[in-house]
Asker: 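First the structure, then my questions, so here it is.
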Amino acid sequence: MPRIEPLTLTIKVEDEEQKIEFKRLNSALEGMAKYVIRDARVRLEQQDKVVSGNLRDSLQYTLNTGVDQVDLSFDAGAMYWDFVNQGIRGAIDASKAPDSDYQFGTGNFTGQGTLRGGIDRWVVQKPIEGVRDAKTGRFMPRKQMVRMISNKIWNYGIAPSNYYTLAMDNGWNRYKKRMAVAIGLDVSDFVTKYYEGDIDIEITI
């Protein structure tokens with residue numbers, strides 16, 4: 001599941017742990033989080049994975065900050081958001097998404113709805129152009145098309161899009177220097193306000 005691991009900052013001044021409010025770091029993280037959401041939405045559109053817009057519009061982040069810990073995570077209101085990101089290994093062949101946490105046929109999915117129901121809604125919303133039956137040459141009824149697509153996906157899985165993973169990597173590379181500077185400035189403000197003279201500061205991230 002895409003996630004920025006909790007960032008814990010322990011500050012020691014003269015061998016004593018101190019609590020510092022990281023206002024500038026919080027601002028930098030907010031900027032990165034918003035950038036990641038925008039980038040992920042663009043990637044969904046570029047990969048033609050926006051049908052109803054439900055997934056794209058539900059992307060969200062949560063930023064919890066304290067005086068010595070920051071926790072930033074990404075997810076979405078659409079329950080299938082991570083399926084699209086990681087892909088799903090098929091029940092017969094897992095090669096499309098070998099590293100995914102998800103696999104058809106394991107019985108561990110606890111959400112509502114079914115694969116076939118989701119495919120049926122997707123076919124209606126897309127919409128899919130008429131597909132001819134290989135044997136008869138006639139256009140397939142929607143139910144037959146849905147059954148065919150569902151069976152293929154169930155057996156052979158769904159390839160990952162990595163729309164969220166790549167967006168987070170891009171966001172981290174773009175903002176990591178900004179965050180390092182923000183941490184330094186926050187610590188500098190703390191030292192200027194509460195200490196005088198020469199002191200030793202140890203920062204662990």
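All values derive from a computational prediction rather than experimental measurement.
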Asker: Quick one: CD on Glu30 to CG on Leu25, what's the gap to the nearest 0.5 Å?
Answerer: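 One finds 11.0 Å between CD of Glu30 and CG of Leu25.
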
Asker: Check whether any side-chain heavy atom of Arg174 lies under 4.5 Å from a side-chain heavy atom of Met32, and answer yes or no.
Answerer: no

Asker: Just wondering, are more than 12 heavy atoms of other shown residues or ligands nearer than 6.0 Å to OH in Tyr61?
Answerer: yes

Asker: So Gln86 and Tyr102, side-chain contact (heavy atoms from CB on, under 4.5 Å) or not? Walk me through it.
Answerer: CA-CA 8 Å; Gln86 291 195 43; Tyr102 309 105; 3.9 Å; yes

Asker: Decide yes or no for Lys96 and Ile158: does some side-chain heavy atom of the first lie under 4.5 Å from some side-chain heavy atom of the second?
Answerer: no

Asker: Do Arg178 and Tyr175 meet the cation-pi criteria used here (NZ or CZ under 6.0 Å from the six-membered ring centre, within 45° of the axis)?
Answerer: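 Cation-pi check for Arg178 and Tyr175: passes.
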
Asker: Would you compute the distance between atom NZ of Lys34 and atom CG of Leu29 and round it to the nearest 0.5 angstrom?
Answerer: 12.0 Å

Asker: Could you tell me which residues satisfy side-chain hydrogen bond (donor to acceptor under 3.5 Å, both in side chains) with Gln60, sequence neighbours excluded, listed by chain and number?
Answerer: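 Here the qualifying residues are Asp75.
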
Asker: Regarding Asp93 and Ser95, do their side chains bring together a donor and an acceptor under 3.5 Å, going by distance alone?
Answerer: yes

Asker: Is any side-chain heavy atom of Val84 closer than 4.5 Å to a side-chain heavy atom of Leu44?
Answerer: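 Heavy-atom side-chain distance check passes, below 4.5 Å.
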
Asker: Mind checking what makes side-chain hydrogen bond (donor to acceptor under 3.5 Å, both in side chains) contact with Asp186, not counting sequence neighbours?
Answerer: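 By the side-chain hydrogen bond (donor to acceptor under 3.5 Å, both in side chains) rule, Asp186 matches no residue at all.
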
Asker: Is any side-chain heavy atom of Gln46 closer than 4.5 Å to a side-chain heavy atom of Val42?
Answerer: yes

Asker: Begin from the C-alpha positions of Asp189 and Arg24 and carry the test salt bridge (Lys or Arg N to Asp or Glu O under 4.0 Å) through to its verdict.
Answerer: CA-CA 10 Å; Asp189 287 347; Arg24 289 186 174 87; 2.2 Å; yes

Asker: Which heavy atom in Asn54 sits nearest to a heavy atom in Ala78, and how many Å separate them?
Answerer: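 Shortest heavy-atom contact: ND2-CB, 3.7 Å.
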
Asker: Evaluate the criterion side-chain contact (heavy atoms from CB on, under 4.5 Å) for residue pair Tyr164 and Asp82; output intermediate values, then yes/no.
Answerer: CA-CA 8 Å; Tyr164 236 156; Asp82 202 25; over 6 Å; no

Asker: Which distance, rounded to the nearest 0.5 Å, do you find between the CD of Glu45 and the OH of Tyr163?
Answerer: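 Atom-to-atom, Glu45:CD and Tyr163:OH are 12.5 Å apart.
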
Asker: For Arg147 and Asn151, what are the C-alpha separation, side-chain angles and deciding distance, and is it a side-chain contact (heavy atoms from CB on, under 4.5 Å)?
Answerer: CA-CA 6 Å; Arg147 184 169 61 250; Asn151 288 343; 3.7 Å; yes

Asker: Considering only heavy atoms from C-beta outward, does the side chain of Thr62 approach that of Phe74 to under 4.5 Å?
Answerer: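 Side-chain contact under 4.5 Å: no.
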
Asker: Nearest 0.5 Å, what's the CG-OG distance between Asn64 and Ser73?
Answerer: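 Interatomic distance, Asn64 CG to Ser73 OG, rounded to 0.5 Å: 7.0 Å.
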
Asker: Between Leu55 and Val50, is a side-chain contact (heavy atoms from CB on, under 4.5 Å) present by the stated rule, with each step listed?
Answerer: CA-CA 7 Å; Leu55 172 58; Val50 177; over 6 Å; no

Asker: Just wondering, do Arg43 and Asn170 contact through their side chains at under 4.5 Å, heavy atoms?
Answerer: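 Asn170 vs Arg43: side chains touch.
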
Asker: Compare all side-chain heavy atoms of Asn85 with those of Thr165 and state whether any distance is below 4.5 angstrom.
Answerer: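 Touching, per the 4.5 Å side-chain cut-off.
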
